[in-house]
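Report on the structure given below.
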Amino acid sequence: MTTIIENSKPSLYERQPEISTRFPVHQVREDFPILSSEVRGRKLVYLDNAATTQKPQSVIQAVTRYYKGENANIHRGVHYLSEQATQKYENARRKVGAFIGATVNCEVIFTRGTTESINLVAQSYGRAFVREGDEIIISALEHHSNIVPWQMLCQEKGAILRIIPLLENGELDLGVFDKLLSSKTKVVAVTQLSNVLGTLVPVRQICKKARDAGAVSLVDGAQSTPHLSVDMQQIGADFFAFSGHKLYGPTGIGVLYGRAELLERMPPYQGGGDMIRSVSFEHTEYADLPGKFEAGTPNIAGAIGLGAAIDYLQSLGMERIAAYEAELDGYTRSRLQEVEGLQIQGNPEEHRGAVSFTLDGVHPHDIGQLLDQEGIAIRAGHHCAQPLMKCLGVPATARLSAGLYNTREEIDMLASSLQGLRTLFHP
Ligand code: PLP
């Protein structure tokens with residue numbers, strides 16, 4: 001499925017020039033030390049934000065400060081440093097809770113990232129409540145981390161995995177979703193924003209339909225949280241997963257939000273220290289939420305760094321970030337359309353973040369490597385979405401993904417490099 005977008009309309013930027021002047025992108029760039037570095041003798045143009053984002057100075061400082069002067073293990077200590085570290089870790093949980101609109105802070109479980117959050121739900125909720133013949137619905141847009149954990153569960157339980165297919169433009173076919181939903185459906189797990197096509201999925205509507213059918217819903221927010229203001233009460237998901245490193249925070253930290261009432265009913269995912277109230281050789285009493293799901297020493301510095309990333313984003317304002325990025329996204333798509341022989345994959349009405357494309361006669365990996373020679377970082381490959389590549393009928397794509405610090409000048413550089421590449425391969 002390849003959609004070539006006609007270049008008939010003025011770009012979104014031309015229609016809304018005032019937005020970009022309101023967002024202080026050049027000032028924002030100064031907060032990110034890595035952005036002033038050079039790569040292969042050229043100024044770095046970082047357009048691989050769907051893979052991971054760069055970190056602002058405040059996040060780097062929060063992590064460094066913790067290790068330099070505050071490091072201790074949490075919860076169990078009676079000494080000063082341990083109390084301080086515990087306070088900071090739990091404060092980070094409060095920040096996350098407020099950021100996503102959780103009802104109570106114990107609905108925020110710290111994990112290693114989106115992948116672990118989804119595995120937690122599949123292994124804990126899934127193993128306890130999914131039975132032979134039950135059905136789990138995911139979509140054709142999913143990242144491997146929202147496919148494989150459900151496949152593993154289905155294999156173990158004899159359950160069936162159902163897939164919401166794609167429409168020609170890269171949106172989900174919700175008509176088919178309606179038909180797939182039945183009393184057999186136990187879980188509906190979908191991404192809010194595709195890491196390949198940039199499709200924004202109407203998750204609120206999907207979660208409501210899942211609930212009406214008696215199923216629980218999980219939303220993969222790995223790509224949406226950096227670009228949009230997300231609100232658990234508004235989305236209405238039972239579970240929501242995201243990663244700190246895609247949200248301008250550290251790697252190795254992520255979040256599972258779960259409705260307290262469901263988390264209470266679920267068995268622990270892992271056993272060990274910190275997740276218990278009492279242990280004897282005969283019997284173990286588990287801790288209350290959120291401790292029940294946080295066995296062992298967690299990534300304390302990571303949680304503190306994620307809290308600092310949230311402070312940073314809130315100081316800029318998620319609504320402003322979203323408005324700026326929407327404009328940049330429109331500009332990017334219109335500039336790419338001008339490159340001869342370039343096809344943007346999919347053309348969803350609502351889109352953000354990632355833009356995947358192919359260039360006639362040039363392998364995506366060659367595009368990635370040749371752009372790298374110019375200091376431009378994009379990604380090429382299957383983007384951990386091999387089933388989606390199959391639907392698109394391509395083995396791989398080149399993908400650029402902008403973040404809050406990218407500029408129109410950088411998009412212009414990318415477009416002119418791509419035009420140069422095209423000329424190189426088709427003189
Ligand atoms: N879901 C989506 C949509 C993603 O884009 C990614 C990572 O690219 C993941 C899940 C997995 O995230 P992580 O590797 O941080 O666990």
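Values below: every heavy atom of this structure, side chains too, minus hydrogens, waters and symmetry copies. Computed from a prediction, not measured in an experiment: that's the story for all the values here.
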Could you check whether any side-chain heavy atom of L180 comes within less than 4.5 Å of a side-chain heavy atom of I163, counting everything from C-beta outward? no

Between L306 and V96 the two heavy atoms that sit nearest each other are CD2-CG2, 4.0 Å

So, the side chain of K157 versus the backbone of R127: is there a donor-acceptor pair under 3.5 Å, distance only? yes

State whether the side chain of R335 and the backbone N or O of Y331 hold a donor-acceptor pair below 3.5 Å, judged by distance alone.
-> no

Do H144 and H382 have ring centroids that are under 6.0 Å from one another? yes

_If only side-chain N and O atoms count, and only distance matters, is there a donor-acceptor pair under 3.5 Å linking Y405 with N49?_
yes

Smallest heavy-atom separation, A215 atom then V188 atom, equals CB-CG2, 4.4 Å

**Report entry** Full working for side chain to side chain contact (heavy atoms under 4.5 Å, CB included) between R422 and D360
**Finding:** CA-CA 8 Å; R422 158 84 186 169; D360 284 351; 3.5 Å; yes

Output, in order, the C-alpha distance, side-chain angles, deciding distance and verdict of side chain to side chain contact (heavy atoms under 4.5 Å, CB included) for T111 and V255. CA-CA 5 Å; T111 63; V255 170; 5.6 Å; no

Report task. Using a strict 4.0 Å threshold on nitrogen-to-oxygen distance, state whether E38 and K43 make a salt bridge. Result -> no

Worksheet item: Taking side chain as C-beta onward, heavy atoms only, is L371 less than 4.5 Å from L414?
Response: yes

Correct closest heavy-atom pair for I160 and G133 would be CD1-O, 4.2 Å

| message | The test is salt bridge (Lys or Arg N to Asp or Glu O under 4.0 Å); show your working for E70 and K88 and say whether it passes. | response | CA-CA 9 Å; E70 300 159 351; K88 288 206 151 192; 3.1 Å; yes

### Task
Carefully, step by step, assess Q345 and T397 under the rule side chain to side chain donor-acceptor pair (under 3.5 Å).
CA-CA 8 Å; Q345 298 289 318; T397 67; over 6 Å; no

Minimal heavy-atom distance between Q270 and M275, with the atoms involved, is O-CE, 3.5 Å

Sidechain-backbone polar pair: Q223 side chain, A50 backbone, donor-acceptor under 3.5 Å: yes

(Q) Tell me whether the count of non-hydrogen atoms from other residues, nucleotides or ligands lying under 6.0 Å of CD in E132 goes above 12. (A) no

*State whether the number of non-hydrogen atoms from other residues, nucleotides or ligands found under 6.0 Å of Q57 atom CD is greater than 12.*
yes

Review point. Distance only, no hydrogens: is a donor on one side chain within 3.5 Å (strictly under) of an acceptor on the other, for E171 and N169?
Key: yes

- Can you tell me if S417 uses its side chain to pair, donor with acceptor, with the backbone of M413 under 3.5 Å? yes

Parallel under 30°, tilted from 30 to 60°, perpendicular over 60°: which one fits the rings of Y324 and F23?
-> parallel

Taking every heavy atom of L342 against every heavy atom of L336, the minimum-distance pair comes out as CD2-O, 3.7 Å

Check whether S37 reaches the backbone of I34 with its side chain - one donor and one acceptor, N or O, closer than 3.5 Å. yes

With sequence neighbours left out, the residues meeting ring-ring contact (aromatic ring centres under 6.0 Å, His included) with F129 are Y125

Notebook entry, point to check: Counting N and O atoms only, with roles assigned by atom type, does the side chain of N119 sit under 3.5 Å from a partner on the main chain of P149, one being a donor and the other an acceptor?
Noted result: no

Begin with the C-alpha distance, continue with both residues' side-chain angles, and end with the deciding distance and a verdict on side chain to side chain contact (heavy atoms under 4.5 Å, CB included) for I300 and N73. CA-CA 8 Å; I300 305 163; N73 210 333; 4.0 Å; yes

Verdict with reasoning, Q61 to R65, per side chain to side chain donor-acceptor pair (under 3.5 Å)
CA-CA 6 Å; Q61 269 167 357; R65 198 183 313 120; 4.7 Å; no

Legend entry - Donor-acceptor contact present, side-chain D134 to main-chain R131, <3.5 Å: yes

Quiz item: So, do L256 and F242 sit near enough that their side-chain heavy atoms are less than 4.5 Å apart?
Solution: no

>> Just so I know, are the side chains of S117 and I109 near enough to count as touching, which here means a heavy-atom distance under 4.5 Å?
In response: no

Tell me yes or no: between the side chains of H143 and D220, is some donor less than 3.5 Å from an acceptor?
-> no

key: Aromatic ring proximity, centroids under 6.0 angstrom, Y312 and F32   = yes

- Message: For a side chain to side chain donor-acceptor pair (under 3.5 Å) check, start with the C-alpha distance between H351 and D329, then their side-chain angles and the critical distance, and finish with the verdict.
- Response: CA-CA 8 Å; H351 50 75; D329 187 42; 2.5 Å; yes

So does P290 get a backbone contact from the side chain of E294, meaning a donor-acceptor N/O pair under 3.5 Å? no

Notebook entry, point to check: Are there more than 12 heavy atoms of other residues, nucleotides or ligands under 6.0 Å from atom CZ of R29?
Noted result: yes

Requested in this report: Just do the side chain to side chain donor-acceptor pair (under 3.5 Å) check on E142 and S139 with the steps written out, would you?
Outcome: CA-CA 6 Å; E142 302 312 314; S139 89; 2.5 Å; yes

Only residue of L120, L263, V219 satisfying side-chain contact (heavy atoms from CB on, under 4.5 Å) with F239 is L263

Side chains of R333 and V355: does their closest heavy-atom pair fall under 4.5 Å? yes

Between D372 and V39, is the side chain to side chain contact (heavy atoms under 4.5 Å, CB included) condition met? List the steps. CA-CA 8 Å; D372 177 54; V39 166; 4.3 Å; yes

> Between D412 and R408, is there a side-chain N and carboxylate O pair less than 4.0 Å apart?
Replying inline: no

Taking the side chain as everything from C-beta on, heavy atoms only, tell me whether S217 gets closer than 4.5 Å to F240.
no

Q. Using 30° and 60° as the class limits, which term best fits the ring planes of F110 and Y89: parallel, tilted or perpendicular?
A. tilted

Ion pair present between R22 and E327, side-chain N to carboxylate O less than 4.0 angstrom? no

Side-chain donor-acceptor pair under 3.5 Å between Q343 and T358, yes or no?
yes

Taken in chain and number order and not counting sequence neighbours, the residues that satisfy salt bridge (Lys or Arg N to Asp or Glu O under 4.0 Å) with E90 are R93

Subject >> Donor-acceptor under 3.5 Å (N406 side chain, Y46 main chain) >> reply: yes

Does a sphere of radius 6.0 Å around CZ in R259 hold more than 12 heavy atoms from other residues, nucleotides or ligands, not counting ones at 6.0 Å or beyond? yes

- Return yes if some donor-acceptor pair links the side-chain N/O of S243 with the main-chain N/O of A222 below 3.5 Å, else return no. no

In terms of heavy-atom contacts, I411 and L400 come closest through CD1-CD1, 4.5 Å

